[in-house]
Participant: 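Below you will find the structure I want to go over with you.
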Amino acid sequence: MEGIKLMTRAFIWDLDGTLLDSYEAILDGIAETYAYYSLDFDREAVHAFILQQSVQSLLEDVAREHGLDAEEMNRYRASSLREKNAQVHLMQGARDILVWAKEGGIAQFVYTHKGKNAYPILEDLGILSYFQEIVTTDNGFRRKPDPEGIDYLVDKYQLDPSETYYIGDRTLDVDLADNAEIGSINFLDYKPDVNHAIQRLDDIRFYFEEEKS
């Protein structure tokens, strides 16, 4: 696909646990879904599972185990989650790093497993305008760690893979960047040969400033 190379460096952001402090809202939505289907809910175990894999994988496993419809469960969860948008906040330093990247001429995108609900959340938090494009599950790409969604952005905007980074908080996100052959910045110390581990979002700024010196 033809496109215009807008900027040398690009950040493709994950949302939950990366820019958005949203896991409590997500867990509340899952808890309500479990209650609706009369399932026992272990908050710590579910949290650990979705960090390692995904909410979709969780619901698919639970649906198989209990003879339920995973898609129906996910629709109920999504409806419940929309009511909890007010519980979602920005991660510490999120706005500052977005401003820093914009001022530094870095193109910014979102690739998330969220659906269209991502748009009102980002708008309510005042950060929607920082992103060139937001790719959600409604785009229909294969789920992480398949690189299809990243490949779409790299191709459409003619991004330089050596200067493009996926920023996330799970092993799934590092695997995604690895599969797409772009850089990875992640809150986890995982695959250090391809991933740069951070402890807070502001570490991203220091990483690139040190790289220049």
Participant: Is Ile97 linked to Val88 within one hydrophobic cluster, defined over Ile, Leu, Val, Met, Phe, Trp and Tyr using a side-chain heavy-atom separation of less than 4.5 Å?
Facilitator: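 Yes, Ile97 connects to Val88 through the hydrophobic network.
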Participant: Could you walk me through whether His66 and Tyr37 pass ring pair (Phe, Tyr, Trp, His ring centres under 6.0 Å), step by step?
Facilitator: CA-CA 10 Å; His66 296 277; Tyr37 289 97; 9.8 Å; no
Participant: Group every Ile, Leu, Val, Met, Phe, Trp and Tyr by side-chain heavy-atom contacts under 4.5 Å, then state whether Ile150 and Leu172 land in the same group.
Facilitator: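 As far as the 4.5 Å side-chain criterion goes, Leu172 and Ile150 are not connected within one cluster.
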Participant: In chain order, what residues pass the side chain to side chain contact (heavy atoms under 4.5 Å, CB included) check against Phe141, with sequence neighbours excluded?
Facilitator: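 Expected list: Tyr111, Val135, Asn139, Glu148, Tyr152.
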Participant: What distance do Ser22 atom OG and Leu15 atom CG have between them, rounded to the nearest 0.5 Å?
Facilitator: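 Separation between the atoms: 7.5 Å.
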Participant: Going by the side chain to side chain donor-acceptor pair (under 3.5 Å) test, name the single residue among Asp175, Thr112, Asp14 that passes it with Lys144.
Facilitator: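 Answer after filtering Asp175, Thr112, Asp14: Asp14.
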Participant: Going by side-chain hydrogen bond (donor to acceptor under 3.5 Å, both in side chains), name the pairs with one or both residues in residues 95-105, residues two or more places apart or in two chains.
Facilitator: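 Qualifying pairs, neighbours excluded: none.
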Participant: Measuring from Tyr76:OH to Glu72:CD, what's the distance to the nearest 0.5 Å?
Facilitator: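 The OH atom of Tyr76 sits 11.0 Å away from the CD atom of Glu72.
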Participant: A quick test of your reading: do over 12 heavy atoms of other residues, nucleotides or ligands sit less than 6.0 Å from CZ of Phe41?
Facilitator: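 Enclosed: over 12 neighbouring heavy atoms sit under 6.0 Å from CZ of Phe41.
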Participant: If the condition is salt bridge (Lys or Arg N to Asp or Glu O under 4.0 Å), which residues does Glu163 pass it with, not counting sequence neighbours?
Facilitator: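 Listed in chain order: Arg9.
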Participant: On a heavy-atom basis, which atom in Gly183 and which in Ala177 lie closest, and how many Å separate them?
Facilitator: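 Taking every non-hydrogen atom into account, O-CB, 3.6 Å.
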Participant: So, taking the atom named CD1 in Ile185 and the one named CD1 in Ile12, what distance separates them when rounded to the nearest 0.5 Å?
Facilitator: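 Interatomic distance, Ile185 CD1 to Ile12 CD1, rounded to 0.5 Å: 11.5 Å.
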Participant: Atom OH of Tyr166 and atom CZ of Phe11: how far apart are they, to the nearest 0.5 Å?
Facilitator: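 If we round to the nearest 0.5 Å, Tyr166:OH and Phe11:CZ are 14.0 Å apart.
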Participant: Looking only at non-hydrogen atoms, find the nearest pair between Pro145 and Asn179 and report the distance.
Facilitator: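 Shortest heavy-atom contact: O-ND2, 2.9 Å.
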Participant: State the CG-CG distance between Leu153 and Leu159, to the nearest 0.5 angstrom.
Facilitator: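 That separation rounds to 7.0 Å.
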Participant: Could you give me the CA-CA distance, side-chain angles and deciding distance for Leu39 and Met73, then say whether side-chain contact (heavy atoms from CB on, under 4.5 Å) is met?
Facilitator: CA-CA 12 Å; Leu39 303 172; Met73 292 181 71; 4.2 Å; yes
Participant: So which heavy atom on Tyr157 is nearest to which on Glu133, and how close?
Facilitator: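 Nearest heavy atoms, Tyr157 then Glu133: OH-OE1, 2.5 Å.
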Participant: Under 3.5 Å, side chain of Asp28 to main-chain N/O of Lys84, donor-acceptor pair present?
Facilitator: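 Absent.
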Participant: Quick check against the 3.5 Å criterion: does Asp173 have a side-chain atom that pairs as donor or acceptor with the backbone of Asp169?
Facilitator: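 Answer holds: yes.
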Participant: What distance separates Leu59 CG from Ile50 CD1, expressed to the nearest 0.5 Å?
Facilitator: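 The CG atom of Leu59 sits 9.5 Å away from the CD1 atom of Ile50.
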Participant: Write down the atom of Ala10, the atom of Phe109, and the distance for their closest heavy-atom approach.
Facilitator: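 Closest approach of Ala10 to Phe109: CB-CE1, 4.2 Å.
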Participant: Is Asp61 reaching over with its side chain to a backbone N or O of Leu58, donor-acceptor style, under 3.5 angstrom?
Facilitator: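 Checking the backbone N and O of Leu58 against the side chain of Asp61, no donor-acceptor pair under 3.5 Å is found.
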Participant: For Gln87, I'd like to know if atom CD has over 12 heavy atoms of other residues, nucleotides or ligands within 6.0 Å.
Facilitator: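 Check passes, neighbour count above 12.
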Participant: Would you say Ser54's side chain and Ser57's backbone share a donor-acceptor pair under 3.5 angstrom?
Facilitator: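 Between the backbone of Ser57 and the side chain of Ser54 there is a qualifying donor-acceptor contact (under 3.5 Å).
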Participant: Are the charged groups of Asp138 and Lys114 less than 4.0 angstrom apart, N to O?
Facilitator: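 Looking at Asp138 and Lys114, the cut-off is not met.
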Participant: If you link I, L, V, M, F, W and Y whenever their side-chain heavy atoms are under 4.5 Å apart, who else ends up in the same group as Val194?
Facilitator: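 Val194 clusters with Val174, Leu188, Tyr190.
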Participant: Do Tyr165 and Ile204 have side-chain heavy atoms sitting under 4.5 Å apart?
Facilitator: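 No, side chains not in contact.
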Participant: Check the orientation of His196 and Tyr207. Use parallel for under 30°, tilted for 30 to 60°, and perpendicular for over 60°.
Facilitator: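 If you compare the ring of His196 with that of Tyr207, the planes turn out parallel.
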Participant: Looking at Arg75, is its backbone amide N or carbonyl O close enough to the side chain of Ser79 to form a donor-acceptor pair, meaning the two atoms are under 3.5 Å apart?
Facilitator: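 No.
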Participant: Going by the rule salt bridge (Lys or Arg N to Asp or Glu O under 4.0 Å), which residues pair with Asp146 if we only count those two or more places apart in sequence or in a different chain?
Facilitator: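 With sequence neighbours excluded, Asp146 shows a salt bridge (Lys or Arg N to Asp or Glu O under 4.0 Å) to Arg142, given in chain and number order.
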Participant: Between Leu90 and Leu20, is any pair of side-chain heavy atoms under 4.5 Å apart?
Facilitator: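 In contact.
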Participant: Assess the residue pair Ile106 and Phe208 against the criterion (side-chain contact (heavy atoms from CB on, under 4.5 Å)); give the C-alpha distance rounded to whole Å, side-chain angles, the decisive distance to 0.1 Å, and a yes or no.
Facilitator: CA-CA 11 Å; Ile106 299 172; Phe208 287 105; 5.7 Å; no
Participant: Applying the 4.5 Å side-chain criterion to the ILVMFWY set and letting contacts propagate, would Phe206 and Met91 be lumped into a single cluster?
Facilitator: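 Unlinked, Phe206 and Met91 end up in two clusters.
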Participant: Between Ala197 and Asp189, which heavy-atom pair has the shortest distance, and what is it?
Facilitator: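 Residues Ala197 and Asp189, closest heavy atoms: CB-CA, 3.9 Å.
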Participant: Decide if atom CG of Asp40 counts as having more than 12 heavy atoms of other residues, nucleotides or ligands within a radius under 6.0 Å.
Facilitator: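 No, because the 6.0 Å sphere around CG of Asp40 holds 12 heavy atoms or fewer from other groups.
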Participant: Check Leu201 against Gly93 and note the closest heavy-atom contact, atom names and distance.
Facilitator: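 Between these two residues, the closest heavy atoms are CD1-C, 4.1 Å.
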Participant: Pairs under 3.5 angstrom only: tabulate donor-acceptor contacts from the side chains of residues 119-131 to other protein residues two or more places apart or in another chain.
Facilitator:
| residue | atom | partner | partner atom | Å |
| --- | --- | --- | --- | --- |
| Tyr119 | OH | Ile134 | O | 3.1 |

Participant: Going through the distances and angles, do Arg143 and Gln56 end up as a side-chain contact (heavy atoms from CB on, under 4.5 Å)?
Facilitator: CA-CA 9 Å; Arg143 296 176 67 86; Gln56 182 71 24; 3.1 Å; yes
